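Since we're looking at a predicted model, the values are computed, not measured.
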Amino acid sequence: MNYNFQEIEAKWQKYWADNQTFKAENKSAKPKFYALDMFPYPSGAGLHVGHPLGYIASDIYARYKRHKGFNVLHPQGYDSFGLPAEQYAIQTGQHPAITTEENIKTYRRQLDQLGFSFDWSREVRTSDPKYYKWTQWVFTQLFNSWYNKGTDKAEDIESLISIFEKEGNKNVNALCDEDIVIFSSDDWENYTSKQKQEILLKYRLTYLAETEVNWCPALGTVLANDEIVNGVSERGGHPVVRKKMTQWSMRITAYAQRLLDGLKGLDWPQPLKDSQTNWIGRSEGASVGFNVISSDNEKSYKIEVFTTRPDTIFGVSFMTLAPEHDLVSKITTPEQKAEVDAYIEATAKRSERDRMADVKTISGAFTGAFAEHPFTKEPIPIWIGDYVLAGYGTGAVMSVPCGDQRDYDFAKHFKIDIPNIFEGVDISEEAFADKEKTIIANSDFLNGLSYKEATRKIIDALEEIGQGKGKINYRLRDAVFSRQRYWGEPFPVYYVDGMPQMIAKEHLPIELPEVEKYLPTETGEPPLGNATHWAWNTVTNNVVSNSEINNATVWPLELNTMPGWAGSSQYFNRYMDPHNEEEIFSQEAINYWQDVDLYIGGSEHATGHLLYSRFWQKFMFDKGLVSKDEFAKKLINQGMITGTSALLYRITQRPDVFVSKELVEDYLNEEASNNIFEQIQELSGVSKENLSFDKIHVDVSLVNTSDELDINEFRKWQLEFLHAKFLPHNGPVKVLREVEKMSKSKYNVVNPDAICEEYGADSLRLYEMFLGPLEQSKPWNTAGITGVHSFLKKLWRLYFDNDGAKFEDVEPTKDNLKTLHKTIKKVEEDIENFSFNTSVSTFMICVNELSSQKCTSKTILEPLAILVSPYAPHIAEELWNILGHTESIATAPFPKFEEKYLVESSKEYPISFNGKMRFKLELPLDMSKDDIEAAVMAHEKTQAQLQGRAPKKVIVVPGKIVNIVG
RNA sequence: GCUCGAGUGGUGGAAUUGGUAGACACGUUGGACUUAAAAUCCAAUGGCCAUUAGGCCGUGCGGGUUCAAGUCCCGCCUCGAGUACCA
């Protein structure tokens with residue numbers, strides 16, 4: 001009987017689907033385990049071999065946990081809103097829902113053929129109204145909440161209103177907008193409804209605000225920083241300008257400290273935690289107010305700055321404002337106005353990323369205005385410079401050139417004073433920023449103090465004169481939540497007199513309307529502006545035609561849609577109870593499953609999805625909806641699988657002439673170059689001076705394992721190569737190999753379908769794990785897959801020979817048991833440590849040993865099938881079945897490791913001389929140290945090594961090693 | 001620049017608390033089986049020297065600690081990822 005993987009794999013995939021083998025129950029006496037993969041976006045290109053890496057790992061773990069007696073939740077679904085489907089819709093007019101549906105089918109087929117143990121009954125799709133109903137609902141909950149710094153949690157907006165009614169807002173300790181005006185309870189009572197709504201918006205956890213965005217007029221849309229290259233849009237190369245727009249924002253900054261603190265308890269990769277820490281960017285320092293010196297006594301302006309070095313305040317020799325700073329236009333003197341305006345205009349054309357990336361160019365402009373130093377009362381010139389960003393801190397800096405390199409460079413460039421306030425430090429060449437070695441000088445009452453002492457003292461002094469206080473600042477900014485797109489969740493929001501109103505839970509979901517075009521409207525409104533049926537009737541509580549808008553009972557609906565991360569910020573909880581139509585999830589379900597025990601996905605989500613989800617989870621926790629304020633206990637980043645690109649040398653001047661790799665290398669190294677050059681010239685006619693080579697990507701399927709190009713296939717591959725010429729004419733043409741990210745455009749993607757076809761899913765699963773450690777990035781090279789495939793065949797032959805099954809009910813030998821139990825031990829340790837590559841080797845060793853032992857004992861072969869089952873589930877099911885079981889292997893108990901089978905009585909000691917192993921000596925393990933030494937010293941090889949010398953020292957580590965020194 | 005990873009044969013990688021460097025595979029070479037091929041099996045395979053016995057070198061580089069270092073410490077180099085005029 002042969003190992004017919006195609007038949008076996010199809011059979012068991014059908015069995016699992018028919019029997020719902022992996023359906024998880026929300027009630028169980030077993031302990032729970034929740035294994036989750038990061039939400040996939042179903043792209044049109046389908047899966048390549050890099051995608052399943054993490055899925056295989058989580059599947060092995062999930063299957064292992066089932067063997068270990070856990071009730072395992074291992075769901076899968078689709079983050080199915082997104083840009084590519086919308087882009088395709090714009091180009092072809094095809095509705096994104098149709099494209100998405102097709103892509104999901106491809107994904108599903110590819111996932112199914114790999115034999116994953118997903119509970120498909122729990123599948124969710126973010127673009128399904130039944131799902132996004134709850135995304136909309138969470139949004140309304142955020143709207144109806146404010147952040148109470150006193151209790152350090154989100155609370156219902158009603159509690160804030162009742163405070164306003166009782167005592168106004170003077171005692172409210174909230175995380176809110178900066179421009180809050182103090183009012184009394186009487187004031188509140190007298191405000192109009194609209195005024196009240198405006199004030200409340202400043203406190204809500206999701207709110208409307210003017211946000212500066214990268215606006216691309218030609219595309220009619222806002223672009224992300226990385227969609228802009230050299231100041232123009234990546235797609236189309238259109239100009240981009242900075243523009244203010246009213247958009248929904250999420251007050252994630254309310255959670256900055258808790259998001260930081262929460263990281264400590266998470267078993268997540270350190271680099272990932274580090275990048276979140278940096279992203280949140282907590283810094284301690286002081287907020288300082290500088291009064292602007294004004295000849296006009298009626299207007300007094302104050303510049304607020306945040307500084308981490310308040311101790312250097314006596315070193316301030318100028319101030320720098322972001323060009324966008326509100327005060328700039330107000331304080332600039334008439335003489336300087338032209339220069340300042342020109343500078344502001346120039347800055348607006350630069351993207352934030354541009355401004356940040358360009359460290360070398362120093363630019364700025366003097367406003368003509370001066371601020372007053374809070375202590376010396378000296379005038380300080382106020383400059384603007386694009387190295388100061390409006391979005392960070394207050395958008396203003398107190399510049400201390402002697403202590404900050406950027407300030408130093410700016411001062412040097414504009415010939416501004418650089419006063420030295422450090423004792424015994426030379427600042428003629430560069431600034432001095434070492435806090436630890438700082439001793440303050442030339443600073444009045446701070447002289448002689450260290451950084452720490454001076455900081456404490458100056459903050460007290462600032463508070464005393466009312467011009468500053470200690471402050472903690474976060475780099476984290478509130479997250480913009482509006483997108484000017486079609487294919488996303490619509491907001492459950494309509495506008496009454498321009499003020500946003502939430503639509504109640506019982507009327508959700510608000511479904512995405514049909515539109516004729518997916519582009520922005522001619523007036524620049526988002527695509528939903530094209531919808532004719534997009535107004536809210538507050539009487540009948542449904543969506544009606546725009547023509548019915550009467551600004552009394554029928555109002556316009558929001559035209560923006562939600563961003564990609566909206567749907568992915570609570571999906572892991574929705575999986576616990578995915579079909580609940582009454583609640584986002586039942587308390588029973590969330591209390592049973594609690595949180596994700598293992599989350600596997602790419603590190604690219606470090607500061608996006610993984611930060612927003614933590615924020616939503618903490619909010620849900622504050623609302624009492626979830627019992628854990630972190631949603632994933634353990635997280636693993638799987639490494640990227642890189643592709644091995646094939647690059648073919650082409651003569652730049654003759655794009656139809658290709659030269660084999662080794663000839664080009666010889667030529668370039670000037671080895672035998674004359675001979676090669678003659679051949680090249682004969683073929684191409686290019687002179688030596690003009691000769692240069694390009695490297696073009698060639699589809700990897702056109703190249704064999706010896707890097708030789710299949711010339712005939714290459715000619716057929718693309719029309720332009722039909723009449724290509726090659727050097728050598730009749731010898732093999734070799735390509736250069738380079739490891740790069742796997743990508744369609746580099747023609748180095750390997751599709752799993754072909755491998756499944758040729759070797760089967762079990763081989764692919766094993767091979768992806770065998771490649772190397774899960775977390776490391778590693779190159780894909782199909783050459784080695786034959787190794788794991790022949791391992792599976794060897795495994796099969798342990799159970800079968802040509803006549804059929806050969807296992808028997810016989811007692812296993814000592815060696816059989818030893819092999820089995822050392823395998824159990826190692827595999828169990830490996831899985832617990834996510835070291836899947838080493839267990840594949842362990843299986844190979846085990847099967848090699850059992851084969852040479854000619855083991856046929858069921859006592860060994862049964863547990864072996866279970867051990868292999870998480871990795872290669874199809875073959876394991878088949879073997880299990882043939883061993884006589886009628887139930888799936890999925891919940892068969894994991895074999896129990898027993899130490900007694902591994903106990904050894906002797907050890908082959910390595911005998912080293914000066915640390916170098918020279919020979920081995922078998923000695924009993926219970927032999928004493930002295931006896932070992934005596935035995936070793938008496939050995940003839942020891943005497944030969946020593947050649948009569950007396951050893952200085954003999955180190956004996958029983959059970960390990962003997963080392964003779966001398 | 002900063003932060004975090006990584007660097008081991010021709011290749012992917014192994015070496016769990018410092019204790020036999022190169023497990024397991026791929027590839028290559030030789031052999032068996034076969035009319036032949038495929039499949040399968042067996043053997044060899046870090047480099048250099050040596051007929052053998054054996055010796056020397058060897059985990060990016062330079063130092064150090066130790067009886068013993070891929071592993072620990074100090075200083076560098078290279079590659080990868082993230083991030084950035086963060087005040």
Rounded distance (Å) that lies between atom C1' of B/U20 and atom CD1 of A/Ile961: 6 Å
Under 4.0 angstrom between A/Asn963 side-chain N/O and B/U66 OP1 or OP2: no
NZ/NE/NH1/NH2 to OD/OE distance under 4.0 Å, A/Glu829 and A/Lys825: yes
Nucleotide forming a Watson-Crick or wobble pair with B/G10, both distances under 3.5 Å: B/C26
Pair partner, B/U65 [Watson-Crick or wobble, under 3.5 Å]: none
Opposite nucleotide pairing with B/A87, Watson-Crick or G-U, both atom distances under 3.5 Å: none
Other residues, nucleotides, ligands: >12 heavy atoms within 6.0 Å of A/Lys818 NZ: no
Counter-base of B/G80, judged by Watson-Crick or G-U geometry with both distances under 3.5 Å: B/C4
Salt bridge present between A/Arg282 and A/Glu284 (N-O < 4.0 angstrom): yes
Geometric class of the A/Phe410/A/Trp383 ring pair [parallel <30°, tilted 30-60°, perpendicular >60°]: perpendicular
Any A/Arg406 side-chain N or O less than 4.0 Å from OP1/OP2 of B/C86: yes
Residue A/Lys916, side-chain heavy atoms: nucleotide from B/G19, B/A87, B/C57 that is nearest: B/C57
Report each atom pair, protein N/O against N/O of nucleotides 10-12 of chain B, whose distance is under 3.5 angstrom.
residue : atom : partner  : partner atom : Å
B/G12   : O2'  : A/Leu771 : O            : 2.6

Identified pairing partner of B/C56, criterion: Watson-Crick or G-U wobble below 3.5 Å: B/G47
Sugar-phosphate only, base, or nothing, as touched by A/Pro269 at under 4.0 Å among non-hydrogen atoms: nothing
Euclidean distance for C1', B/C56 against B/C73 (whole angstrom): 29 Å
No-H, no-angle donor-acceptor pair, A/Lys826 side chain to B/U16 base, under 3.5 Å: yes
Under 4.0 angstrom between A/Lys920 side-chain N/O and B/U20 OP1 or OP2: no
Complementary nucleotide for B/U71 - Watson-Crick or wobble, under 3.5 Å: none
Nearest non-hydrogen partners of A/Ile380 and A/Phe318, listed with the distance: CG2-CA, 3.2 Å
Contact under 4.0 Å: A/Lys793 side-chain N or O vs B/U40 OP1/OP2: yes
Phosphate contact (B/C41 OP1 or OP2) by A/Arg797 side-chain N/O below 4.0 Å: yes
B/G9 glycosidic torsion: syn (within 90° of 0) vs anti: syn
A/Lys302, NZ: over 12 other non-hydrogen atoms inside 6.0 angstrom: yes
Aromatic ring pairing A/Trp565/A/Tyr612, orientation class (parallel under 30°, perpendicular over 60°, tilted between): parallel
